Each structure stands twice: as structure tokens, then as C-alpha cells.
Amino acid sequence: MSDPLDWLDDALTNLDRRGLRRSLVERVGPQRGDRIEITDTNPQRQQGTDTNPQRQQGRARRLINFGSNDYLGLAADPRIAAAAKQAIDETGWGAGASPLVTGRSALHAELERKLAEFEGTEAAILFPSGYAANVGTIAALVGKGDAIYSDELNHASIIDGCRLSGAVIEVFAHRDLGQLKEHLLRGRSYRQRLIVTDSVFSMTGDVAPLAGLVELAERHGAMLLVDEAHATGVFGEHGRGWCEEVRVDEAVPIRVGTLSKSLGSHGGFVAGSQRLIDWLANRARPYVFSTAAPPAASAAALTALEIVHKEPHRRTDLRELAISVRRQLLDRGLSYGSSFSQIIPMVIGDPRRVAAAAAELRERGYFVPGIRPPSVPEGQSLLRISLTCLHTSAQIDALVDALVEITG
Ligand SMILES: *Cc1c(COP(=O)(O)O)cnc(C)c1O
């Protein structure tokens, strides 16, 4: 009898053929923004058949890291690790239950208060991840008979939340306020309506037209959810994100964020009014039915928030670095799309060419992830450069030279 899972061999081979199969990276040691050590998975080198002596450096390879979301260089910050250790000593590791039962510790509660203070909202609520925050929040706010208006390049967790909710999904072209307005005018008969968008888009590094979205939401009586996953800690005077940068934070009633990127910890959150947070605590299923994150993750995030407050140079350095990289790419004739942030894409198109370029960069000592479908639409495969405040201008100059040689 054949094994019912046999079809997986064909399916994986098919991914291989289309240049879409992912190989897993094994990082050795800390995630340190600008540097990474990975276990070498190049089969040639493992078998010792690669004759290039420069490449025979044993199994672990040290690379300059352009593939982390550790934008403020906090993931391996010793102060954050120390806060987590202390919390483990005091409260142990596991949370042991969902937050509504016994999983919500004093550290979770304190972090929720501090996040609300940081965001300037009445309240905030923690989720096991940013993914869970989006899925849970969207599905708790709309359902059958309702409508969602979603930017076509929104993050997968938003897309999944939309699908799970059962609401009608109207996808509008990327950053296209005109098309959104048409959808809103045509959809007056829905009960609740929700507009959702990333603020900084995770693959293109460009930003949502928030002022226009706020205006449309207000004019048409729609709720507005903005996902600040890549902007928290990076933009805005206090590091709240892109909403603060363009001064609409008070006009955006539902703000989603993650503790796992700039804040170097783990978990997701939603900030907003008390009644919104009360509703989510009752009705967001990932909140109700998932175990709370270990309290030590909250302790780590609390320390990260203090660092964001006390060390604004981290975000200003990063923003300046991003401006300088974009200028250099432009000077050298390389396009970065409409990036406006520390995420700088180079669209190549064909997934196989992207994989080859990423492999060549790795040979030269740079970790730059190749991003392929389903993370980007077909034909839009790209190299994604993520900057952190730890990168030096020498590292950047060398990367730009390599990019010119490989893709120019
Ligand atoms: C990474 C990301 C998330 C998910 O956050 P996690 O905490 O990693 O689950 C949500 N939205 C966007 C836009 C993201 O880039």
C-alpha cells in the first residue's frame, strides 16, 4: 500500500523546479543585527569537493547580516538578557495557562500598561505573536455581513485574519486611495467595515498613505487598523511608529505591533481604547485559547521600551543609515523601488535568479535573504536588505559594491 503522504515528494520536487523551495538556515550564536554565524549547508563544501581554498573554512560561516528584523540591535543586548534572566529567577519560565485563566502574570500586566503609555492609548493587550495579534483582532472585529478593505501587499497575518473572519474582502491596489474610495462608496450596505494596512510594508519597505486612510475611514465611518510591525521603535519622535511620524497616531484607533522586531523580545500587541481592548480580551481567539508567552519575554520587552526611550540615537542613526544606503544605490544605478525605510528591496523578478544572487552574496560574506512567492507576488522576487543601527558605513559600502557586481 502506498503511503498517503507520498504526494509530498512530488510537491517538494515541484517547488525545487520552480526555484521556490526554501532551505533552512541554522544560526549559531546570537542574533546580532549586523553579524551572523550560520552552519554551512553548501553540500559541495560539506563534502570537501569545493577546491576554492577561501571557501574551506569549516562548517560555521561568519557573515555580515542583512537579514534580521533586529533594527535597533536589541535582540542580543545584555541588558535585555539580564532582565529576562532576573524574571526567570523570580517567576520561573512557563506561563502555564492562557491569560484569562492563570497565565497573565504581573509582568504581562505591567507591560500592557507600559505599552499603552508608550502608544498614548487607554489600554493595550499582549498576544503570543504579532501574527496572532492580527489574526485575532481582525476576526474579532468583523464577520459575516461585514467588509474588510485590505492593501494588496499586506502581511500574511493580515490576509489570514481577513480570510478567517468570514467578512467580504475587498483588496485595493497597493497604496491606492482612489480605488479604496470606490470600494467604500460601493459598499455602503455592509454592517461593520474595517480598513487594514501595514504602515511600513514588510517586503517593499514603502509606507502607507496614512493621512489619506484616516480621512477615508472617518468620512465613511469605517474602523481603521494599522500594523506597525516594522515601524515600532524606528519612526516617530518617541519611536511609536509611522503613525507618530506622520502625526496621525491619535486618529488611528487600532494599532498592532510586535515585540519581536525592533524591541528584540517576543510577542505581539494591540493598543487602543479600553473598550477595544476589553472586547479583544473576550473575543480574540488567539488571546483566549493560546497560552500566554513566558513572563520573561515581557520583562525583556519592558527593558527594550526603556532603551527606546533613553537611546533615541538608535532610531535616528538607523534612519540616517537607510537614507545613505538608498542614495548610494541610486548613485550606482540600482533601483530600490519606493522604499522609504530600513527595508530596502532589489526586485529581480525570477525566483531562480534571486536565489542565485543570494547564494553569490553569501559566498562573498553577506547574508541577504532572497524573497520569493508566497512572501511576494509572482514575478516580484527580490533581495531584501534589512538595516540595523549596528551596521557600519564600511559594511554598507562593501555590500553596495557587491550588489553592483552581482546584479548590475
Ligand atoms: C513580522 C510581522 C508580523 C508578525 O509579527 P510576529 O511577532 O513576528 O508574529 C505582523 N505584521 C507584519 C507587517 C510583520 O512584518
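Counting convention: from 1, in listed order, for ligands and their atoms alike. Note that the structure is predicted; figures quoted are calculated from it, not measured.
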Side-chain ion pair, Arg79 and Glu311, N-O less than 4.0 Å
yes
Using a 4.0 Å cut-off to any heavy atom of Asp198, which atoms of ligand 1 qualify?
13 (C)
I'd like to know whether CZ of Arg22 has more than 12 heavy-atom contacts from other residues, nucleotides or ligands below 6.0 angstrom.
yes
Should the proximity of Asn154 to ligand 1, defined as any heavy atom under 4.0 Å, be assigned to the side chain, the backbone, both, or neither?
neither
Protein contact to atom 4 (C) of ligand 1 [nearest heavy atom, distance to 0.1 Å]:
Tyr131 N, 3.4 Å
With no hydrogens and no angle check, is any side-chain donor or acceptor of Arg372 less than 3.5 Å from a backbone partner on Gly19?
yes
Ring geometry between His174 and Phe201 (parallel below 30°, tilted from 30 to 60°, perpendicular above 60°):
perpendicular
Can Glu228 and Arg255 be said to form a salt bridge (charged side-chain N to carboxylate O under 4.0 Å, His left out), step by step?
CA-CA 7 Å; Glu228 294 263 44; Arg255 301 208 297 271; 5.2 Å; no
Suppose I only count heavy atoms of Ser157 and a 4.0 Å limit; which atoms of ligand 1 are within that range?
10 (C), 11 (N)
Should you measure from each heavy atom of His230, which atoms of ligand 1 turn up under 4.0 Å away?
14 (C), 15 (O)
May I ask you to decide if the ring planes of His183 and Tyr149 are parallel, tilted or perpendicular, using 30° and 60° as cut-offs?
tilted
Distance under 4.0 Å to a non-hydrogen atom of Thr258: what atoms of ligand 1 satisfy this?
5 (O), 6 (P), 7 (O)
In the protein, which heavy atom is nearest to atom 13 (C) of ligand 1, and how far is it?
Asp227 OD2, 3.2 Å
Rounded to the nearest 0.5 Å, how far apart are CD1 of Ile148 and CD of Glu170?
10.5 Å
For Asn134, counting its heavy atoms only, list the atoms of ligand 1 lying under 4.0 Å from any of them.
10 (C), 11 (N)
May I ask you to identify the nearest protein heavy atom to atom 6 (P) of ligand 1, giving residue, atom name and distance to one decimal place in Å?
Gly130 N, 3.4 Å
Between CG on residue Leu213 and NZ on residue Lys181, distance to nearest 0.5 Å
13.5 Å
How far is atom 2 (C) of ligand 1 from its nearest protein heavy atom, and which residue and atom name does that atom have?
Lys261 NZ, 2.4 Å
Suppose I only count heavy atoms of Ser129 and a 4.0 Å limit; which atoms of ligand 1 are within that range?
7 (O), 9 (O)
So, taking the atom named CG in Leu276 and the one named CG in Leu280, what distance separates them when rounded to the nearest 0.5 Å?
4.5 Å
Which of the ligand 1 atoms, numbered from 1, are nearer than 4.0 Å to a heavy atom of Ser260:
7 (O)
Pull out every atom of ligand 1 sitting under 4.0 Å from any heavy atom of Ala229, numbered as shown with elements.
2 (C), 11 (N), 12 (C), 13 (C), 14 (C), 15 (O)
